[in-house]
Trainee: 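First the structure, then my questions, so here it is.
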Amino acid sequence: MRNINLRYVEEQYNKDGVLEKFSVHCPEDYNFAYDVVDDIAIAEPSRPAMIWCNPEGEEHTFTFGDLKYWSDKTANLLTEQGIEKGDVVMVILRRHYQFWFVALALHKIGAILVPATFMLKEHDVEYRVNQAKVKAVIATNVGEIAQVIDNALPQIPTLKTRILVHGGGGGVTPGLPALDEAEALGLGKALSGKEGLCALSAEREGWVDFNTSVHAASPEWERVPTVASEPMIAYFTSGTSGNPKLALHDARYSLGHLGTAKHWQNVKSDGGVHLTIADTGWGKAVWGKLYGQFLMEACVLTYDYDRFDATELMGLVDKYNVSTLCCPPTMFRMFLNGPKETYKFPSLEYCVCAGEALSPDLLEGWRELTGITLMDGFGQTETPLTIANMPGMTPKLGSMGRPMPLYNTRILDEDGKECKVGQIGEICIEYDVANRPPGIMMEYYRNPEKTAEAIYDGWYHSGDTAWRDEDGYIFYVGRNDDVIKSSGYRISPFEIESVLHTHPAVIDCAVTGVPDETRGTAIKATIVLQAGYVGSNELTKEIQAFMKEKTAPYKYPRHIAYVDALPKTINNKIRRAVIRAEDEQGAAAAAARPPEEHGG
């Protein structure tokens with residue numbers, strides 16, 4: 001290990017070994033693909049970068065030398081197809097290893113990478129391509145996304161180039177035959193080791209076959225001059241209401257993720273393997289499968305599966321000696337609900353989670369199973385990790401941790417003043433437009449109005465609310481629009497949902513406010529029940545009594561509704577705004593009915 005990360009950071013730790021000062025300095029011509037991946041590839045070409053596998057039985061270990069070789073070939077392929085510096089390219093490749101070739105190649109060219117999920121529908125594609133002025137799309141042949149894109153073509157005039165990647169199964173065709181039978185089924189050498197990389201062709205009218213073309217491309221590539229302050233990657237926000245915004249990042253975004261990998265995930269550079277369970281269409285993938293990990297010269301594990309299976313994933317943790325693990329609390333809960341007696345975890349040393357409420361029962365259950373404490377953290381599409389329980393810290397139950405010292409993070413009230421201990425306000429990060437903090441977005445691309453709503457008065461306003469205690473630990477409350485004001489109290493739906501999850505009948509839930517003549521707003525819980533439970537007045541009373549015991553009296557849900565599923569975004573975030581809108585429509589319809597229909 002050559003400690004490449006130390007070229008870009010200055011760090012200071014306290015007497016307990018906890019990070020207390022952290023700054024990033026970035027050369028003007030810094031480029032992650034050249035200065036990190038290629039640098040390692042030239043000095044240590046055999047250093048492992050990624051172990052990749054799929055349910056079909058294919059498995060590859062990619063070295064940094066491999067990534068340089070294939071990304072250079074991919075860069076030549078893309079330039080041959082007319083992709084140039086500054087072009088916007090949407091990439092929809094699930095967990096295929098070709099994503100890493102493409103991402104690095106686009107960085108080398110100086111084009112803007114826009115990852116996207118394969119779950120998009122025609123209106124999603126139309127909106128995103130037109131909003132970002134996408135010139136090219138690189139998509140998988142697994143599933144229906146290529147057809148979805150073709151259907152949207154008449155409405156997306158900026159799209160000039162379509163490139164199709166054969167996904168080699170993509171987890172949707174398990175149980176393939178033994179390797180020596182693969183060729184007989186037309187699979188070529190896809191399952192036969194390194195020679196089979198990009199072996200399967202994908203033919204579709206109007207599309208360029210990536211695998212065939214990349215084999216024909218030259219492996220010789222000369223560095224293209226780029227500037228660190230230029231756009232590099234952009235992600236559409238999940239958007240729990242309204243159209244998603246496109247958060248645009250420059251090249252320094254990758255350096256911001258040194259905090260993510262080194263000072264939260266605690267990745268092990270030599271002899272370790274890191275697993276972040278995320279599809280490449282979401283920002284969490286580069287949080288855990290690319291930037292910070294490779295800056296730390298660490299190896300990542302990628303499993304190209306289609307549907308999450310807790311037992312299957314935990315088997316991979318054992319098989320590939322995973323040392324550090326990152327996934328949402330929901331997945332850790334699924335692990336605990338699986339056949340725990342089959343899990344061995346011989347190499348697992350550290351686990352982190354983010355994105356949802358980390359309930360006490362989950363924290364204790366995982367610690368009991370593994371001896372490992374889950375370390376919570378917080379960040380957004382617009383940022384890297386900004387708040388975390390860092391290595392060496394003692395977590396507080398319910399807290400996301402303390403602000404990363406890379407950023408000046410404050411809890412501000414509506415007047416822009418710092419909140420007192422215990423006072424709920426908005427999470428904000430100091431933002432100098434002339435000297436942007438490394439990792440924080442440049443803007444919402446081609447959306448100056450939304451940018452101005454988020455960045456003003458010297459601060460980036462996250463839209464998320466929280467409070468801090470006397471030790472500087474931060475406790476999440478919810479999105480600005482989701483905070484419930486009832487009887488003079490500001491109530492966090494996140495907090496109530498966390499407690500509801502501990503009731504044995506509850507598998508999923510969302511907490512919102514409904515109009516109340518006495519309190520202004522009353523608490524409502526919309527609940528998905530575990531198998532074997534049926535919604536009833538008796539169960540409602542039981543859950544309410546349970547909540548009265550576990551929370552302050554003003555926090556218990558006075559209204560409970562039972563549903564089969566919650567409305568969610570395509571990356572599984574609860575859309576509370578939809579629930580509120582449905583309640584408002586129901587109330588309006590009830591008010592409009594004649595009196596006799598009300599029973600009066």
Trainee: Hey, are Asp39 and Tyr34 close enough side-chain-wise for a donor-acceptor pair under 3.5 Å?
Mentor: no
Trainee: Testing the 3.5 Å rule here: is there a donor-acceptor pair between the side chains of Glu453 and His461?
Mentor: no
Trainee: Do Leu93 and Ile138 make a side-chain contact, defined as non-hydrogen atoms from C-beta onward lying under 4.5 Å apart?
Mentor: yes
Trainee: Taking atom OG1 of Thr465 and atom CG of Asp413, what is their separation to the nearest 0.5 Å?
Mentor: 13.0 Å
Trainee: Under 6.0 Å from the ring centre and within 45 degrees of the ring axis: does the NZ or CZ of Arg128 meet both conditions for the six-membered ring of Phe236?
Mentor: yes
Trainee: Between Arg367 and Thr373, do the side chains contain a donor N or O and an acceptor N or O under 3.5 Å apart?
Mentor: yes
Trainee: To the closest 0.5 Å, what do you measure between CG (Asn31) and CZ (Arg223)?
Mentor: 5.5 Å
Trainee: Is Lys450 positioned over the aromatic face of Tyr444, cation under 6.0 angstrom from the ring centre and no more than 45 degrees off axis?
Mentor: no
Trainee: Give, for atom CD1 of Ile484 and atom CD1 of Ile523, the distance between the pair rounded to the nearest 0.5 Å.
Mentor: 4.0 Å
Trainee: Taking atom types as modelled, find out whether Thr276 and His274 have a side-chain donor-acceptor pair closer than 3.5 angstrom.
Mentor: yes
Trainee: So, Asp464 and Gln380: side-chain donor and acceptor under 3.5 Å apart, yes or no?
Mentor: yes
Trainee: Evaluate the side-chain proximity of Leu67 to Phe294: yes if any heavy-atom separation is below 4.5 Å, no if none is.
Mentor: yes
Trainee: Can Asp471 and Arg402 be counted as an ion pair, charged N to O under 4.0 angstrom?
Mentor: no
Trainee: Please determine whether ring pair (Phe, Tyr, Trp, His ring centres under 6.0 Å) holds for the pair Tyr30 and Tyr8, giving the CA-CA distance in whole Å, both sets of side-chain angles, and the decisive distance to 0.1 Å.
Mentor: CA-CA 10 Å; Tyr30 167 79; Tyr8 304 106; 5.2 Å; yes
